[in-house]
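Computed from a predicted structure; not experimentally measured. Remember, it's 1-based here, ligands and their atoms both numbered in the order they're listed.
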Amino acid sequence: MTKETVFTLDNVSFGYDENKFVLEKISFDVNKGDFIALLGANGTGKSTLLKILNGLIFPNEGKISFLGKDLNEKSLKDVDFKFFFRKEVAFLFQNSDVQLFCSTVEEELSFTLLQLGLPQPEIEKRVIEIAKIFDIIDFLPLSPHKLSEGEKKKIAFASLLPQNPSVFLLDELTSNLDPKNERFAKDFLKTLHNSQKTLICATHDLDFAKSFADKIAVIGQNHNICAFGETKEVLENEKLLLKENII
Ligand SMILES: Nc1ncnc2c1ncn2[C@@H]1O[C@H](COP(=O)(O)OP(=O)(O)OP(=O)(O)O)[C@@H](O)[C@H]1O
Ligand SMILES: [Mg+2]
């Protein structure tokens, strides 16, 4: 039985500046339930690729689809598709300051549910539920901008949960987290993976990739995918990992 395809990238190239691509002809499929670690040296384009998958920026060349439907500026102007996509796909920015913009943590956790038009009692119920699991009840009335970097990362992660997305695009989730919060975040990812959520995580943490991901995509210094496959198989290629500054 073939698994449902969530994303298809077909020769995707992108440049912030038209004459310099930071992603070159990227092609791969993401299937439902995949846990993919996205590896690559600094500046190879991991965050850029996650932003493309989240429909925040669009390829200059090539195509990307989500559940068989083109993902582009035009399709995201369709209100029904946009709501569906924004509900299903959650994105954690590498820099939490870009993500957190509300005046309190509680508003941060409620924001997407308000956008989706859920009734207030349901919003409060879901927010409290997640805040309990993340042990952040005391943070709810606080301003996110007065928190430490690690606390912000935890709040940013928690704020993805109330909408119950099926796809998580996570950019360096565990950076800035202390050992206890890192363990919590990793355990939580396991729970998400066990419930068939699709996870794509950009990371420099090779041990994390090895123990958690079932597939690895490596973006090389030429900004293309230089390896994609089962975790064990990709990590066995030490020569490539050395060449691409992964180890
Ligand atoms: N907003 C931007 N405008 C112009 N160039 C950018 C922008 N964001 C990133 N870049 C450039 O695009 C390239 C890829 O950046 P990106 O942030 O995707 O890399 P990364 O693989 O996530 O790196 P890191 O491991 O440091 O997080 C870099 O050369 C970077 O300087
Ligand atoms: Mg990055």
For T48, the ligand 1 atoms with a heavy-atom partner under 4.0 Å come out as 14 (C), 15 (O), 16 (P), 18 (O)
Atom 14 (C) of ligand 1 has as its nearest protein heavy atom G43 O, 3.4 Å
Near Q94 (heavy-atom distance under 4.0 Å), the atoms of ligand 1 are 27 (O)
the protein heavy atom lying closest to atom 26 (O) of ligand 1 turns out to be N42 ND2, 3.0 Å
Partner of K215 under side chain to side chain contact (heavy atoms under 4.5 Å, CB included), picked from V30, D34, L38, is D34
When distances are taken from atom 9 (C) of ligand 1, the protein heavy atom at minimum range is Y16 CE1, 3.4 Å
I'd like to know: is the Mg ion (ligand 2) within the 2.8 Å range of an N/O/S atom from N42, strictly under that distance? no
| Can an N or O of G45 be found at a distance shorter than 3.5 Å from an N or O of ligand 1? | yes
For H204, the atoms of ligand 1 under 4.0 Å from one of its heavy atoms are 25 (O)
Please indicate, with yes or no, if any protein heavy atom is found under 4.0 Å from atom 5 (N) of ligand 1? yes
Review point. Taking the six-membered ring for Trp, are the ring centroids of F139 and F134 within less than 6.0 Å of each other?
Key: no
The protein heavy atom nearest to atom 17 (O) of ligand 1 is S47 CB, 3.7 Å
Measure from the Mg ion (ligand 2) to each N, O or S atom of Q94 and report whether any distance is below 2.8 Å. yes
